[in-house]
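Below: one structure in structure tokens.
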Amino acid sequence: MKIKLLFMSLAILLPLNINAFTIYILFILGIMLINMEKIDGHSQTQQALYEVGTKQIKVLYENQFLTNKEPDLEKIKKIVEDTKKNPEVPISFNIEVGNDRKPETVLPIVLKTLSLFGRTS
């Protein structure tokens, strides 16, 4: 009986959103109309997700770091400068060039992009 009481007490005292790892999320949602009133769905949803323990991540799309399907040094330098302003927010390069069934068409771009980012940081 005492053991049950101890476990129940611990269950009540411990937060419910304990994770074995950190969860990062990018949630894109625009303006919603609720009762004919514009609501910024993105901010409210992001805030709710942060309250349950998720962390922000910045996803970079190809047009932000590639030019003609090749890594662009100037664009990557700008990314490096931007990431220095918020170093606690990890970034993810969303690279979808080449044929996803043939790694040899994708990996060279990925490696060049990461190499340029690493050298300029």
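Please read all numbers here as calculations on a predicted model, not as lab measurements. The first residue of the sequence shown is numbered 1, and numbering continues consecutively from there.
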(request) State the CG-CG distance between Leu111 and Leu116, to the nearest 0.5 angstrom. (result) 11.0 Å
(request) Report yes or no: does Thr105 contribute a side-chain atom to a donor-acceptor pair with the main-chain N or O of Asn99 at less than 3.5 Å? (result) yes
(request) Work out which heavy atom in Val80 is nearest to a heavy atom in Ser121; give both atom names and the distance. (result) CG1-CA, 3.6 Å
(request) Using the test side chain to side chain donor-acceptor pair (under 3.5 Å), find all partners of Asn94 that sit at least two apart in sequence or belong to another chain. (result) Glu96
(request) Return the set of residues passing side-chain contact (heavy atoms from CB on, under 4.5 Å) with Val97 (not counting sequence neighbours), or none when no residue passes. (result) Glu62, Leu66, Lys69, Ile95, Ile109
(request) Give every residue pair that meets the salt bridge (Lys or Arg N to Asp or Glu O under 4.0 Å) criterion with at least one member in residues 78-88, sequence neighbours excluded. (result) Lys78-Asp82, Glu81-Lys84, Asp82-Lys85
(request) Not counting sequence neighbours, list each pair that qualifies as a ring-ring contact (aromatic ring centres under 6.0 Å, His included) and has a residue in residues 74-104. (result) Phe65-Phe93, Phe93-Phe117
(message) Please check this pair: side chain of Asn86 against backbone of Val89, looking for a donor-acceptor N/O pair closer than 3.5 Å.
(response) no
(request) Sequence neighbours left out, what pairs pass salt bridge (Lys or Arg N to Asp or Glu O under 4.0 Å) with at least one residue falling in residues 101-121? (result) Glu70-Lys112
(message) Nearest 0.5 Å, please: how far is CD in Glu74 from OG1 in Thr67?
(response) 10.0 Å
(message) List the residues meeting side-chain contact (heavy atoms from CB on, under 4.5 Å) with Leu107, not counting sequence neighbours, and say none if there are none.
(response) Pro103
(request) State, to 0.1 Å, how close Ile57 and Ser92 come at their nearest heavy-atom pair, and which atoms those are. (result) CD1-CB, 4.1 Å
(message) If hydrophobic clusters are built by linking Ile, Leu, Val, Met, Phe, Trp and Tyr wherever their side-chain heavy atoms come under 4.5 Å apart, do Leu60 and Leu114 end up in the same one?
(response) yes
(request) Go through the structure and list residues passing side chain to side chain donor-acceptor pair (under 3.5 Å) with Thr83, not counting sequence neighbours. (result) none
(message) In this structure, would Val110 and Leu73 fall into the same cluster of hydrophobic residues linked by side-chain contacts under 4.5 Å?
(response) yes
(message) So, using side-chain contact (heavy atoms from CB on, under 4.5 Å) as the criterion, who are the partners of Pro108 when residues are at least two apart?
(response) none
